K.L.:
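The structure follows.
Lettering of chains follows the sequences in order, A, B, ..., and the numbering in each one begins at 1. Computed from heavy atoms alone, side chains included, the values below leave out hydrogens, waters and symmetry copies. These figures come from a predicted structure and were not determined experimentally.
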Amino acid sequence: MTATASKQISARTEGWAGGVNMRDALNQLAANQARRMENGVLDERGGFGKRLGMQSQGTFGVGADRILSQYVFYRGTSAPQILIHTTAGNLYYTTDPTAVPTVWTLITGGLSTTAPLSFETFNSLCFFSNGVDAYASWSGTTYVTYPTAPKGKYLRLWKDTMWVSGVSGAGLQDRVYSSAPGDATTFPVAAWVDIAKGDGDSVSALGTDGLFLIVFKLRRYMTIYDPVTFANRVVDYEKGCESHFSIIQFESTIYFLSRRGICKYVQDTPGEFISLNIDPLFDPAILNLNALSGAWAYTVGNRIGWCLPEAGSSSNTFQLEYYPRLGPLSPYGFRQIGPFNFHRMPAQNFVRWRYQSNERLFGGSNIANKYYWAYAPVGTDDGATFTAILETPAYDFGESLRTKYIRRINFLGRGRFTFQIKPNYGTGVSKTFYVDLTSTAKTWNTGVWNVGTWGPESVFRNQRIQPDAYARAFSFVFSDVEPGIGTTLVELGSKEYSLTQGEWALYGVWMEGAMLGVRS
Amino acid sequence: MALDARHMPVTRDHVQKWLDAYDARYTDDTQLRDWLQRRIDARLLPDTDINTSGRDDFEANSTPLIDMLMADLDSYDRHRQ
């Protein structure tokens with residue numbers, strides 16, 4: 001926060017590239033962080049923009065059905081298929097998820113209605129297992145079961161071999177099975193190993209960085225480093241992984257959800273927490289610890305997300321997104337921790353699908369038997385208006401005890417939103433303003449030649465208000481109930497591309513006023 | 001001779017067929033062990049061991065196949081009278 005030393009003061013915000021900070025005390029937030037963020041994106045570094053909405057692609061099954069797990073089965077040059085496993089015990093596929101309504105074809109029924117399938121692709125087949133039903137494969141047209149294969153909850157492909165774990169049975173909670181090398185349909189009788197046998201924990205997830213197979217339990221994790229002898233070692237004695245579906249690789253790093261936060265896997269050394277600024281989230285009073293096994297990771301754009309369940313809910317109710325590329329660079333050229341923010345999209349799991357010129361994020365609804373296109377060019381979530389919220393830190397202009405008067409505030413942004421002032425670290429709102437930064441097109445026969453500018457108005461606009469506000473410290477809340485969408489511009493040299501974005505975005509706030517005395 | 005656990009001719013398919021064939025005839029694991037051992041011997045050289053040098057839960061560098069099979073019986077569909 002830049003402030004002048006005279007009685008007249010002016011200051012500006014420093015953007016919100018720091019993301020949400022739930023951990024630090026009210027008066028300790030960094031200038032580029034936010035106390036609250038929801039339903040917004042940080043793609044334009046330093047700015048905050050309302051996200052796009054969810055478009056329904058139609059229904060599947062009957063009203064009470066929900067998607068337990070889903071997967072994109074890429075098939076080389078053929079169109080990829082999306083497979084969904086529902087709470088009706090049905091496994092469906094579609095070859096065209098962009099169709100509205102999407103047509104789902106049944107692969108098989110009679111599967112578990114609670115245990116989600118884990119999927120892997122190998123040898124042009126999609127393999128899946130959930131620890132209850134027979135391990136099986138799908139070729140795109142033919143469904144085959146392998147009744148003698150180990151029925152494990154977790155599959156992972158490593159070194160051209162299928163690895164299976166999470167098999168039910170006395171003494172099997174530590175066991176990891178291997179298929180024959182190069183053949184995921186055959187399991188040699190002695191191809192298994194117990195990892196940290198009898199430690200009182202159970203295998204909860206399998207991952208891989210290509211070099212090792214990572215065997216996660218709830219309170220620790222190990223790696224198998226030799227696929228022939230199954231030689232293994234402990235990597236982290238202190239933290240484990242809550243959900244097999246929370247493991248995701250993005251660019252050069254593997255991330256996973258542990259009991260106390262999101263971690264980065266570091267080869268051969270204990271993992272590192274990256275969710276430090278949102279530590280309070282991982283509290284049993286906020287998250288349903290008993291449902292964390294269903295936590296679900298996805299990637300969209302240049303960020304990673306996790307669907308998580310709040311306390312009192314058995315399914316995922318909100319999303320946590322992380323921006324690895326927005327982490328600052330250290331003096332040594334290493335990328336540091338990036339920002340987090342939250343969403344409340346009505347979905348409990350997602351897949352990222354790409355085919356020909358399309359790339360989309362699709363989600364399974366947590367409130368209906370619907371399939372959604374997430375971040376679609378719409379302003380509502382399946383017709384329901386949603387609110388984006390940004391609450392800034394409290395600004396005291398460098399003088400905590402003296403009262404300040406804000407005479408004018410200037411906004412740089414786009415779209416329509418509501419602006420509120422919260423004085424003195426309180427929760428109450430003292431002032432509310434409606435800000436309209438939408439642009440309009442100039443029309444012929446209005447205005448005067450050589451006065452002002454011609455052509456359509458800029459997408460990004462300024463607006464000034466006079467809040468006439470007094471306080472020692474000011475927090476600002478930006479929100480909306482707008483159902484529309486907006487646009488932003490990306491300049492490619494001489495050409496401008498207009499991209500559909502959420503209704504509004506905020507890039508900066510400038511304040512001008514006066515420093516007063518100490519009020520008795 | 002200790003075989004690599006993943007490159008051996010006895011698979012879970014074989015074991016499940018043997019267990020299914022023994023269905024309703026065995027009464028305890030000692031009899032089952034002997035019965036399975038005879039079938040293993042029909043497919044492998046006698047006293048063929050598995051290389052378990054990389055596994056912390058087996059003390060020896062090699063372990064008889066029948067011991068590994070018996071330790072994993074609970075992962076199969078077993079039928080008892």
K.L.:
With respect to A:K159, which candidate in A:P227, A:P181, A:S178 satisfies the side-chain contact (heavy atoms from CB on, under 4.5 Å) definition?
P.N.:
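Of all the options given, the one that passes is A:P227.
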K.L.:
Is A:Y146 in contact with chain B via its backbone, its side chain, both, or neither, using a 4.5 Å heavy-atom distance?
P.N.:
neither
K.L.:
Which one wins on heavy-atom pair count under 4.5 Å against chain B: A:T186, A:V189, A:N232, A:T229?
P.N.:
A:V189
K.L.:
Are B:D20 and B:K17 close enough for a salt bridge, meaning some N to O gap below 4.0 Å?
P.N.:
no
K.L.:
When heavy-atom pairs shorter than 4.5 Å are enumerated against chain B, which of A:P147, A:P188, A:G169 gives the highest number?
P.N.:
A:P188
K.L.:
Compute the ring centroids of A:W163 and A:Y177, then answer whether they are less than 6.0 Å apart.
P.N.:
no
K.L.:
Check whether B:D4 gets within reach of chain A through its side chain, its backbone, both or neither, counting any heavy atom under 4.5 Å.
P.N.:
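Only the side chain of B:D4 comes within 4.5 Å of chain A.
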K.L.:
So which part of B:S75 gets closer than 4.5 Å to some heavy atom of chain A, the side chain, the backbone, both or neither?
P.N.:
both
K.L.:
Where on B:V10 is there a heavy atom nearer than 4.5 Å to chain A: the side chain, the backbone, both, or neither?
P.N.:
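Its backbone and side chain both get close to chain A.
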K.L.:
Does NZ or CZ of B:R33 lie under 6.0 Å from the centre of the six-membered ring of B:W35, at an angle within 45° of the ring axis?
P.N.:
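No, B:R33 does not sit over the ring of B:W35.
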K.L.:
Calculate, to the nearest 0.5 Å, the distance between atoms CG and CD belonging to A:L83 and A:Q70 respectively.
P.N.:
10.0 Å
K.L.:
Might you confirm whether atom CG of A:N290 has over 12 heavy atoms from other residues, nucleotides or ligands at distances under 6.0 Å?
P.N.:
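Atom CG in A:N290 is not packed in, count stays at 12 or less.
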K.L.:
By a 4.5 Å heavy-atom criterion (distance strictly below it), what part of A:A149 contacts chain B: side chain, backbone, both, or neither?
P.N.:
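A:A149 touches chain B through backbone heavy atoms alone.
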K.L.:
Using a strict threshold of under 4.0 Å (side-chain N to carboxylate O), is an ion pair present between A:E238 and A:R260?
P.N.:
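Counted as a salt bridge, because a side-chain N and a carboxylate O are separated by less than 4.0 Å.
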K.L.:
Please tell me whether A:W296 and A:F245 form a close aromatic pair, meaning their ring centres lie under 6.0 Å apart.
P.N.:
yes
K.L.:
Checking an interface table here. Which of residues 214-226 of chain A come within a heavy-atom distance under 4.5 Å of chain B?
P.N.:
none
K.L.:
Please report whether the ring centroid of A:F127 lies less than 6.0 Å from that of A:F122.
P.N.:
no
